[in-house]
Amino acid sequence: METYRLKNIAILILLLLNGCLLLLLGYQNLQAMRAETDTAGQLEALYAANQLKLGSGVDLDQPVLSPLSLSRQGETEQAIASFLLGGAAEPASQGGGIYSYEGDHGAIHFRAGGSFDGSSLTLAVDDITAFCQQFCQQFGYADLQVQIQNRTGSVTAIQQVSGVPVAGCSLTLRFERGVLASVNGAHVSLEDAVPEPAERMNCVTALVRFLDYRNTAGVVCSEVTDVRCVYELQGGAAPRLLPMWRVETDTYVYFVNCATGEVTRH
């Protein structure tokens with residue numbers, strides 16, 4: 001009988017302890033929510049005091065991306081060159097981290113930092129839009145912009161990794177009378193990518209930095225319409241993807257470096 005009572009007491013103590021822990025966790029979550037609400041309100045008030053509106057669709061709680069160290073992927077480079085040259089393209093080292101991929105319709109050159117280009121190409125394309133859409137789908141480009149008249153003009157796009165646009169990884173294809181004449185762009189791969197430890201600026205801090213820049217540089221804008229954490233390609237022998245806050249206003253688009261807080265206009 002005594003053992004039975006001790007068990008009941010122990011169970012009651014555990015229930016009370018769990019209840020206290022749940023109450024403590026709920027209180028901490030409530031405090032965090034209040035802090036976030038207060039921060040958002042303070043930021044809106046700060047913007048209003050500076051005659052700048054913060055768009056209602058801006059998500060201040062969105063996560064910050066991690067910087068990534070990238071590895072060169074020769075197979076991907078060869079696949080891109082083969083697609084744009086209409087057949088198998090064979091690689092040849094040109095030294096200095098440059099590889100040339102040659103095919104029946106020209107050559108495309110890739111550099112260690114991810115950029116590539118090709119001129120004097122001779123690939124005839126029947127359906128330019130379909131050709132470009134297939135390329136973008138296969139190699140992760142989006143925001144396709146087609147400016148073609150009489151089968152002559154240019155097509156542009158920007159690469160995305162994990163659904164995030166990469167500034168500096170744009171693509172331009174130029175056509176002349178239905179023939180792919182030149183290509184210029186950049187491409188990166190997340191295969192073997194390694195996250196880097198680094199200080200990462202949150203959205204609220206980035207918007208404060210932008211406000212300081214706007215007031216100091218005399219930027220003319222009346223509203224921040226959208227904010228999104230994106231990547232920017234840093235080329236070189238060891239390419240990296242650096243997180244940036246993309247701040248879109250009613251006039252121009254600006255980028256805030258997540259590590260340094262530097263603001264630039266693109």
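The analysis underlying the following values was restricted to heavy atoms, covering all of them including side chains, and did not include hydrogens, waters or symmetry mates. Numbering starts at 1 and runs along the sequence shown. Values in this document were obtained by computation on a predicted structure and should not be read as measured data.
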Asker: Looking at H109, H187, R72, R111, which hits side-chain hydrogen bond (donor to acceptor under 3.5 Å, both in side chains) with E77?
Answerer: R72
Asker: What pair of heavy atoms forms the shortest contact from C258 to C229, and how long is it?
Answerer: SG-SG, 4.3 Å
Asker: Evaluate the criterion ring-ring contact (aromatic ring centres under 6.0 Å, His included) for residue pair F83 and F131; output intermediate values, then yes/no.
Answerer: CA-CA 10 Å; F83 188 106; F131 174 85; 5.1 Å; yes
Asker: Could you check whether the rings of Y254 and F210 sit parallel, tilted or perpendicular, using 30° and 60° as the cut-offs?
Answerer: tilted
Asker: Check whether L60 and L52 end up in the same hydrophobic cluster, where Ile, Leu, Val, Met, Phe, Trp and Tyr are linked by side-chain heavy atoms less than 4.5 Å apart.
Answerer: yes
Asker: Given L68, which partner from the list L190, V194, V161 fulfils the side chain to side chain contact (heavy atoms under 4.5 Å, CB included) test?
Answerer: L190
Asker: So, taking the atom named CD in E191 and the one named CG in L70, what distance separates them when rounded to the nearest 0.5 Å?
Answerer: 11.5 Å
Asker: From E176 CD over to N150 CG, what is the distance, rounded to the nearest 0.5 angstrom?
Answerer: 13.5 Å
Asker: What residue among V64, V256, T260, L207 forms side chain to side chain contact (heavy atoms under 4.5 Å, CB included) with M201?
Answerer: V256
Asker: Could you measure the distance from the CH2 atom of W245 to the CZ atom of R200? Nearest 0.5 Å is fine.
Answerer: 10.0 Å
Asker: Could you state whether Y101 and V188 fall into the same hydrophobic cluster, counting links through intermediate Ile, Leu, Val, Met, Phe, Trp or Tyr residues with side-chain heavy atoms under 4.5 angstrom apart?
Answerer: no
Asker: Could you grab the distance from atom CG of D59 to atom CZ of R228, nearest 0.5 Å is fine?
Answerer: 11.5 Å
Asker: If you count heavy atoms of other groups shown closer than 6.0 angstrom to CD of Q137, is the number above 12?
Answerer: no
